[in-house]
Amino acid sequence: MAKTQITFFCKNCGASSGKWIGKCPSCGEWNTYVEEVVHKEKAEFKKTWKKEGVTRTLKPVLIDEVERGNEQRIALQDGELSRVLGGGIVPGSVILIGGEPGIGKSTLMLQIALQFTNKKVLYISGEESDAQIKMRAERLPFSNPDCYLYTEVSTQKIGKALQELEPDIVIVDSIQTLQSELIDSTPGSISQIKETAGDLIRYAKESGTPVFLIGHITKDGTLAGPKLLEHMVDTVLQFEGDRHHVYRILRTTKNRFGSTSEIGIYEMQSGGLREVSNPSEILISQRDESLSGVSIAATIEGMRPLLIETQALVSTAVYGTPQRNSNGYDAKRLNMLLAILEKKCGLKMGMQDVFVNIAGGLRVEDPGIDLSIVAAIVSSYENVPIDSKICFIGEVGLSGEIRAVNRIEQRISEAEKLGFKTVYLSKFNKLPLEKNKITIVQVGKLEELLSNLFG
Ligand code: TYD
Ligand code: MG
């Protein structure tokens, strides 16, 4: 008979203990221990997954003597994912991709599976039936005759299938649905995630087969399950965007084999996700006349310069407390900008409702967008449009000073490429040496900018 045992796990770091503890001794967090039932019986998945041509060191060796091997990255047809991963998939790597429900994780991974032409892909799903996945696949404009579907949640059965099929690439949708028969707790619990992810990671490392794990995220936007999961995998990708808009951003938050500052941009269409290779052109809405409350920011997302339209609406508050609402821009930062405008520029923001929106449903973290947000707010407040050929770069400091931002050359040249005539930026930014066609206006304080724009 199997021995049943109750164990307590820390939700934060995955540490375990025989009894409940208030403060986790390993990560120091309070109230993170939860109870789970664990069957202690070993272990069917634990096999070795040796494959020919993949060398694994079994004893200490000198680093100079290790052969790098011919482990070349697996090329991807999808240029955006390829860039985000640092140029293709590293054999034996485990990639975790997280995102809100309905954002398109399953669509993206199925699409990647179908894009391979000479690779055997196994798509394991614990969320949908074969027929549902087939229906989704029919909407996508790709086909891979060597793509297998397997709807199974038990890692022991998955292990057998992996052994028989010997796929080149494995996709698991999702890690929270997997279940190890050795553990009694429900799928998605900490001990299950630890065990099943551990099995798959060992499979990936030993067989040299890359594994993609789709992961759910919790309400506050972090990946569900123990933080430990993020430590265990090689790469963590975040798929984000506004479900009601068509654009999606794929970001890396961790990458052992590449930089974490790359992003991929997709557009959700009726036939799957389309790569967006020239994002600036679509993020600026087409308009003939200049409208008040609209301005363009030259930002950097990841490594890529991106011109984004920022919009603001300022109107007199009719009922009691004025409303502040922000879409795609940090709401606390918006309040800060409004306080600076009130204190330093004498605008009566206290009596106004203020709404801010970033076009396309994107969420922007680059502080260089501040200047454009301020310009849009004041443009709406004064009801004076800003010329559509002007764009803005700069972070705003608490005393109303305009601070320098990074990668100024890239931002300026992107603005120039898209036909902008004038760019406002901080006077503390060093300008690129080569002569630009675009007119550069350098300002040190918000007052200067506002008197320049609105007189
Ligand atoms: P899905 O991949 O199921 O999201 P997740 O796995 O992250 O929960 O994506 C679901 C949404 O994508 C759904 O609302 C329908 C939409 N969609 C399209 O717009 N076009 C398509 O071709 C497909 C397959 C889905
Ligand atoms: Mg899904």
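Just follow the structure's listing: the first ligand is 1, and inside any ligand the first atom is 1. Predicted, not measured: the structure shown is a model, and the values here were computed from it. Values reported hereafter were calculated over all heavy atoms of this structure, with side chains retained and with hydrogens, waters and symmetry mates removed.
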Spell out the protein N/O/S atoms under 2.8 Å from the Mg ion (ligand 2) as residue plus atom name.
->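 Listed by chain and number, the nearby protein N, O or S atoms are Ser106 OG.
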Would [X] and [Y] pass as an ion pair if we require N to O under 4.0 Å?
| X | Y | answer |
| --- | --- | --- |
| Arg411 | Glu414 | no |
| Arg136 | Glu138 | no |
| Arg83 | Glu80 | yes |

Name the orientation class of the two ring planes belonging to Phe392 and Tyr424 (parallel below 30°, tilted from 30 to 60°, perpendicular beyond 60°).
->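 Phe392 vs Tyr424 ring planes: parallel.
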For the residue pair His245 and Glu267, confirm or rule out a side-chain donor-acceptor distance under 3.5 Å.
->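 No pair is found: no donor N or O on one side chain lies under 3.5 Å from an acceptor on the other.
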Will you find, in the side chains of Asp353 and Tyr319, an N or O donor that is under 3.5 Å from an N or O acceptor?
->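 There is no such pair between these side chains.
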Numbering as shown, the atoms of ligand 1 that approach [X] to under 4.0 Å (heavy-atom distance):
| X | answer |
| --- | --- |
| Glu100 | 7 (O) |
| Gly271 | 22 (O) |
| Pro101 | 8 (O) |

Give a yes or no on whether Lys157 atom NZ has more than 12 heavy-atom contacts from other residues, nucleotides or ligands under 6.0 Å away.
->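 Count not over threshold, so no.
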Enclosure of Arg324 CZ (heavy-atom neighbours >12, cutoff 6.0 Å) |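 Correct, the count exceeds 12.
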What's the shortest distance from [atom] to any protein heavy atom, and which residue and atom give it?
| atom | answer |
| --- | --- |
| atom 2 (O) of ligand 1 | Thr107 OG1, 2.6 Å |
| atom 22 (O) of ligand 1 | Gly272 N, 2.7 Å |
| atom 6 (O) of ligand 1 | Ser106 OG, 2.6 Å |
| atom 15 (C) of ligand 1 | Arg139 NH1, 4.6 Å |
| atom 4 (O) of ligand 1 | Gly104 N, 3.1 Å |
| atom 11 (C) of ligand 1 | Gly102 O, 3.7 Å |

Please work out which of Met268, Gln269, Glu267 has its closest non-hydrogen atom nearest to atom 16 (C) of ligand 1.
->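 The nearest heavy atom belongs to Met268.
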Shortest heavy-atom approach to atom 3 (O) of ligand 1 - which of Glu128, Arg136, Lys105 =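 That would be Arg136.
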Could you walk me through whether Ser295 and Thr310 pass the side chain to side chain donor-acceptor pair (under 3.5 Å) test, one step at a time?
-> CA-CA 5 Å; Ser295 74; Thr310 55; 3.1 Å; yes
Student check: side-chain heavy atoms of Leu165 and Lys120 closer than 4.5 Å |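 Side-chain contact under 4.5 Å: yes.
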Is atom 18 (C) of ligand 1 less than 4.0 angstrom from some protein heavy atom?
->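 Yes, there is one.
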Applying side chain to side chain donor-acceptor pair (under 3.5 Å), run through Gln179 and Glu181 and close with a yes or a no.
-> CA-CA 6 Å; Gln179 193 164 19; Glu181 286 163 16; over 6 Å; no
